[in-house]
There are 2 protein chains.
Amino acid sequence: MSRRTVTISEVAKHAGVAVSTVSYVLSGKRTISADTRRRVLDSINALGYHPNAGARALASKRSNVIALVLPLRAGMHVPVLMRFASAVVTAARRFDHDVLLLTADEGTAGIRRVAASALVDALVLMDVELDDRRVPLLRELAEPSVLIGFPARPAGLTCVDLDFHAAGARCAEHLAERGHQEIALLGAPSVVYDRGTGFATRTRDGFAAAVADLGLKGVALPCEETFDEVYETVRDLLLDHPGLSGVVVHNEAAVSHVLAALRQLGRRVPQDMAVVAICPEDVAERASPPLTSVLIPAEEVGREAVRLVMDKLEGRVVPDSTLLAPLLAVRSST
Amino acid sequence: MSRRTVTISEVAKHAGVAVSTVSYVLSGKRTISADTRRRVLDSINALGYHPNAGARALASKRSNVIALVLPLRAGMHVPVLMRFASAVVTAARRFDHDVLLLTADEGTAGIRRVAASALVDALVLMDVELDDRRVPLLRELAEPSVLIGFPARPAGLTCVDLDFHAAGARCAEHLAERGHQEIALLGAPSVVYDRGTGFATRTRDGFAAAVADLGLKGVALPCEETFDEVYETVRDLLLDHPGLSGVVVHNEAAVSHVLAALRQLGRRVPQDMAVVAICPEDVAERASPPLTSVLIPAEEVGREAVRLVMDKLEGRVVPDSTLLAPLLAVRSST
DNA sequence: GCCGGTCGTCGAAGCGCTTCGACACTCTTT
DNA sequence: AAAGAGTGTCGAAGCGCTTCGACGACCGGC
């Protein structure tokens with residue numbers, strides 16, 4: 001199989017042109033007559049030529065690879081991550097780039113290594129935390145980078161994320177539109193708030209702001225992820241707030257437990273209790289009943305991150321902060 | 001920041017040696033006196049030298065990058081995938097390799113591209129299906145590859161996976177040891193069996209074989225993933241098999257629904273019904289009650305796949321098939 | 001005191017590509 | 001008819017590294 005690898009000079013010889021001409025046909029950086037282009041392209045096909053990535057990177061100082069850096073805390077959000085990653089890869093390919101996967105195991109050393117060795121042209125960091133130790137490094141790198149999520153001091157960085165503030169607010173508004181007066185937010189486990197993860201806090205703030213604006217009664221609680229803890233939380237919530245008729249769940253792992261707990265506590269959804277979730281679409285759809293939800297637009301976030309990082313690579317100026325509008329999908333739980 | 005990039009010849013000059021000497025210090029391919037080595041290493045540190053990946057790949061014909069190819073069906077198993085991926089990256093780093101992430105969007109073209117362009121030295125494919133269209137391509141590639149999962153005709157390929165046959169059997173044995181006589185297996189959605197995904201079928205076969213061996217009564221059913229469908233399945237199962245006292249669930253998404261359904265149908269776990277799951281450890285731990293489970297050893301599978309592919313790169317001979325023994329963790333559900 | 005053998009180092013030849021300047025044409029414009 | 005302005009193509013100079021053959025220095029054995 002796979003005979004000796006074909007080089008650009010063999011293509012040139014086969015087409016009867018200079019090596020540089022083949023290169024220009026491929027890159028389009030100089031005008032080439034239609035006729036010559038045809039011949040070169042034919043030779044490329046005939047010989048099955050693929051440019052050597054290393055040689056290209058060496059000569060052009062561009063590897064056409066971007067790094068995708070996984071979050072520090074591997075446990076979090078795991079399912080969504082894969083969709084981000086997949087979206088980033090797909091988007092990168094549209095810009096003729098490939099994606100190198102980096103984990104946090106190496107700490108910042110990995111980032112430094114791939115940047116300094118010119119293995120990658122640019123970086124996308126997933127699931128950035130408020131106090132993210134990778135952030136200072138990015139500021140001193142020559143390579144452009146984009147963060148998914150917001151650190152505490154985002155000045156000078158480029159960040160993309162779902163507008164969680166708006167998402168929290170949107171859920172409250174939706175419940176208000178449905179006539180609910182007293183509502184609750186069940187959020188992330190308390191440890192997530194403690195370590196100051198941006199998105200959890202921002203959702204809660206948006207929820208609280210909308211509740212105040214709309215003159216509702218509202219309460220926001222952290223929510224653990226085992227059934228028993230969720231059950232207790234829900235039970236106490238119902239005891240403490242007898243008038244409660246709507247709940248927003250912003251905790252993917254707890255969604256099914258909240259529904260199960262309500263079921264056991266004799267509350268029907270949506271008749272006795274309206275439920276809105278902020279979670280991936282498939283989780284919302286698969287729940288019973290299917291949940292009205294704010295989607296986490298993983299694909300869109302990933303795509304946007306790549307678009308931004310490519311713009312930066314081309315030297316274009318991009319906004320520091322890109323917030324993607326939440327989209328509420330109404331299903332049968334409200 | 002990041003002043004002009006440092007090259008090997010600057011290091012050589014700084015240390016007062018030839019370029020090739022620096023190279024040999026780094027690669028260890030020729031003996032270098034301790035004294036010279038020290039001086040070179042000092043210069044490398046002083047200047048902050050990092051070898052250029054492209055130049056290295058060009059000269060040595062090794063990119064030190066392996067491709068990790070995501071499964072064709074993105075929807076499947078999503079959480080486990082991330083753990084595989086993460087394990088593969090970590091393991092690859094131990095062999096001084098990085099990982100390029102490839103999706104199925106491009107079909108086989110992506111694989112062909114990164115191989116032909118020498119962007120990667122080797123490939124690891126995740127979640128291979130029985131009739132996987134990427135498999136024929138691998139056979140004609142010069143680059144070594146390892147599959148996670150088994151295709152229908154694995155001859156000439158290198159495959160790694162959990163021994164699902166043994167896992168199914170192990171669950172049945174465990175229930176038998178606990179004194180259960182009549183047991184059931186709730187498996188993947190029927191569409192998964194229809195498309196012949198290897199692991200689902202193999203688990204079922206192992207379960208059936210053990211049931212026969214042990215003289216139990218056993219039934220195996222596919223299992224959908226919405227609560228309502230699961231509820232029906234469980235209800236019918238209990239009606240049809242009044243003596244049933246143990247159930248094995250091999251469907252990550254359905255685990256919590258099965259538990260909720262049993263709860264609603266008035267069966268206590270483990271008193272009225274023993275439950276064993278084949279799923280990731282965290283899912284089993286977080287369920288209520290925590291489930292006895294066979295772990296899917298994602299980390300180990302990933303690590304093993306990398307080890308094998310590195311062996312092949314070095315020209316060593318490796319076994320065609322590597323099956324990882326299932327490990328049963330007993331928790332409070334049996 | 002000479003020979004063969006390591007040992008440690010060097011210089012140079014690529015690896016396959018991009019890019020720059022040069023140059024031969026062919027059109028326009030005067 | 002000459003000067004200028006494009007076009008389209010070529011040759012050569014690297015990009016930063018690895019690797020090969022060469023070669024002095026030094027060793028022990030005779």
Side-chain angles (χ1 to χ4, degrees), chain A residues 3-41 43-44 47-65 96 113-121, chain B residues 3-41 43-44 47-65 96 113-121:
Chain A
R3 59 201 146 295
R4 213 184 78 301
T5 160
V6 182
T7 72
I8 196 173
S9 76
E10 298 176 51
V11 174
K13 198 164 301 169
H14 187 272
V17 299
V19 163
S20 49
T21 303
V22 177
S23 178
Y24 287 125
V25 166
L26 254 19
S27 70
K29 293 193 179 172
R30 288 205 179 168
T31 46
I32 295 286
S33 69
D35 181 58
T36 305
R37 178 195 317 291
R38 283 276 317 132
R39 258 183 316 135
V40 169
L41 257 17
S43 297
I44 286 177
L47 300 179
Y49 168 68
H50 285 265
N52 177 295
R56 188 171 259 199
L58 178 57
S60 68
K61 310 196 156 308
R62 284 293 193 92
S63 66
N64 276 33
V65 174
D96 197 33
R113 179 173 49 81
V114 297
S117 68
L119 224 192
V120 306
D121 296 334
Chain B
R3 58 201 146 296
R4 212 184 80 300
T5 160
V6 182
T7 72
I8 196 174
S9 76
E10 299 175 50
V11 174
K13 198 164 303 171
H14 187 273
V17 300
V19 163
S20 48
T21 302
V22 177
S23 177
Y24 287 125
V25 166
L26 255 19
S27 70
K29 293 193 178 172
R30 287 205 182 169
T31 47
I32 296 287
S33 68
D35 181 59
T36 306
R37 180 197 314 291
R38 285 276 316 133
R39 262 185 310 137
V40 169
L41 258 16
S43 297
I44 286 177
L47 302 179
Y49 168 69
H50 285 265
N52 178 295
R56 189 170 257 201
L58 179 57
S60 69
K61 311 200 157 307
R62 283 293 193 93
S63 66
N64 276 34
V65 174
D96 196 34
R113 180 172 48 80
V114 296
S117 68
L119 224 191
V120 307
D121 296 334

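These numbers come from the heavy atoms of this one structure, side chains and all, not from hydrogens, waters or symmetry mates. Letters A, B, ... are given to chains in the order of the sequence lines, protein chains preceding strands, and every chain is numbered from 1.
For B:Ala59, there are no side chain to side chain contact (heavy atoms under 4.5 Å, CB included) partners at least two apart in sequence or on another chain. Judged as a side chain to side chain contact (heavy atoms under 4.5 Å, CB included), and not counting sequence neighbours, the contacts of A:His50 are B:Ala116. With sequence neighbours left out, the side chain to side chain donor-acceptor pair (under 3.5 Å) criterion links A:Ser63 to A:Asp121. With sequence neighbours excluded, the residues satisfying side chain to side chain donor-acceptor pair (under 3.5 Å) with A:Ser33 are A:Thr36. Looking at residues two or more places apart in sequence or on another chain, you find no side chain to side chain donor-acceptor pair (under 3.5 Å) involving A:Ser117. Here B:Ser9 pairs with B:Thr7 under the side chain to side chain donor-acceptor pair (under 3.5 Å) rule; sequence neighbours left out. Under the rule for a side chain to side chain contact (heavy atoms under 4.5 Å, CB included), the partners of A:Ala55 that lie at least two apart in sequence or sit in another chain are A:Asn52, B:Leu58.
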Tabulate protein N/O versus nucleotide N/O from nucleotides 4-6 of chain C, keeping only pairs under 3.5 Å, one per line.
none

What's touching nucleotides 20-22 of chain D from the protein side, N or O pairs under 3.5 Å?
unit_1: D:dC20; atom_1: N4; unit_2: B:Tyr24; atom_2: OH; d: 2.6
unit_1: D:dG21; atom_1: N7; unit_2: B:Arg30; atom_2: NH2; d: 3.3
unit_1: D:dG21; atom_1: O6; unit_2: B:Arg30; atom_2: NH1; d: 2.3
unit_1: D:dG21; atom_1: O6; unit_2: B:Arg30; atom_2: NH2; d: 3.3
unit_1: D:dA22; atom_1: N6; unit_2: B:Arg30; atom_2: NH1; d: 3.4

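Helix-axis bend for the helix from C:dG1-D:dC30 to C:dT30-D:dA1: the local axis fitted to the five terminal pairs at one end deviates from that at the other end by 40°, rounded to 10°.
Applying a 4.0 Å cut-off to non-hydrogen atoms, the residues of residues 52-64 of chain A that approach DNA chain D are A:Leu58, A:Ala59, A:Lys61, listed by residue number.
Sorted by first and then second residue, the pairs that involve residues 30-40 of chain A and meet salt bridge (Lys or Arg N to Asp or Glu O under 4.0 Å), not counting sequence neighbours, are A:Arg38-A:Asp42.
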